[in-house]
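Single-structure report; data block below.
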Amino acid sequence: GAGVSQSPSNKVTEKGKDVELRCDPISGHTALYWYRQRLGQGLEFLIYFQGNSAPDKSGLPSDRFSAERTGESVSTLTIQRTQQEDSAVYLCASSLAGRADTQYFGPGTRLTVL
Amino acid sequence: QKEVEQDPGPLSVPEGAIVSLNCTYSNSAFQYFMWYRQYSRKGPELLMYTYSSGNKEDGRFTAQVDKSSKYISLFIRDSQPSDSATYLCAMKREAGTALIFGKGTTLSVSS
């Protein structure tokens with residue numbers, strides 16, 4: 001069975017440009033999470049989706065960050081007007097409903113803002 | 001003080017050694033404790049998961065949780081070069097959804 005997939009694997013952009021990152025969760029996993037991993041740091045929670053419920057956006061660092069998910073499938077994380085401090089690996093995870101203790105991660109998107 | 005503290009290392013050991021990795025935490029509300037392994041340029045992979053206090057063993061890996069000391073450990077017996085990776089501890093509150101991670105400890109096992 002396929003795991004969590006993310007695209008692109010690498011993204012280099014110029015400061016001020018918008019970027020879109022994509023996540024495809026494991027089939028049947030209704031919960032989806034986005035995390036950010038800066039160099040030498042642990043993962044930081046960004047946002048959580050569960051089915052059709054309102055997402056938990058408590059981890060988004062600024063209003064330049066937004067995410068969408070259509071139903072229980074693909075999610076996109078959008079960063080507007082990128083800044084150099086946005087450079088990081090963006091990781092997506094999915095889990096069964098109510099099983100946030102067992103999250104499966106994708107390979108991540110490495111974002112570099114020049 | 002960060003909620004979860006983890007010594008980043010690096011930790012270098014010879015093949016066959018017993019490895020001890022640790023995290024401390026400050027939030028007594030944490031009830032779920034996980035260890036993830038992350039190879040270079042890959043996503044984290046769940047290794048061990050423990051609910052509340054106690055020990056859990058899986059092959060060469062043993063996870064321990066001491067809630068009274070707010071201290072968790074991962075032991076790796078008979079370490080192998082393939083164990084060379086970054087090990088991340090993660091924790092969650094009972095009703096929470098977000099995992100709170102340590103910074104990770106980089107382990108190198110030499111043959």
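Labels below follow one simple rule: chain letters A, B, ... track the order of the sequence lines, proteins then strands, and each chain is numbered from 1.
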Grouping I, L, V, M, F, W and Y whenever their side-chain heavy atoms are under 4.5 Å apart, do [X] and [Y] come out in a common cluster?
X     : Y      : value
B:F30 : B:L21  : yes
B:L99 : B:F33  : no
A:I47 : A:L111 : yes
B:W35 : B:F75  : no
A:L46 : B:F101 : no

For a quick test of reading the model, state the closest non-hydrogen atom pair linking A:Y33 to B:T97 and the distance between them. CE2-O, 3.6 Å
Grab the two heavy atoms, one from B:G96 and one from A:A100, that are nearest each other, plus how far apart they are.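 Nearest heavy atoms, B:G96 then A:A100: O-CB, 4.0 Å.
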Modelled atom types, side-chain donor and acceptor of B:Y49 and A:D101, under 3.5 Å: yes
Region of [X] that comes under 4.5 Å of a non-hydrogen atom in chain B:
X     : result
A:Y35 : side chain
A:L91 : side chain
A:S58 : neither
A:Q37 : side chain

[X], [atom1] atom: more than 12 neighbouring heavy atoms under 6.0 Å:
X     : atom1 : result
A:E68 : CD    : no
B:R41 : CZ    : no
B:Y32 : OH    : yes
A:L39 : CG    : no
A:E14 : CD    : no

Which bit of [X] comes within less than 4.5 Å of chain A, counting heavy atoms only: side chain, backbone, both or neither?
X     : value
B:L46 : side chain
B:K92 : side chain
B:Y36 : side chain
B:P44 : both
B:Q6  : neither

Before giving the answer on side chain to side chain contact (heavy atoms under 4.5 Å, CB included), spell out for A:F45 and B:I100 the whole-Å C-alpha distance, their side-chain angles and the decisive distance to 0.1 Å. CA-CA 7 Å; A:F45 167 75; B:I100 310 301; 5.7 Å; no
Indicate yes or no: at least one non-hydrogen side-chain atom of A:L43 is less than 4.5 angstrom from one of B:L88. yes
Let me confirm one number: the CE-CD distance from B:M34 to A:Q103, rounded to the nearest 0.5 Å. 7.0 Å
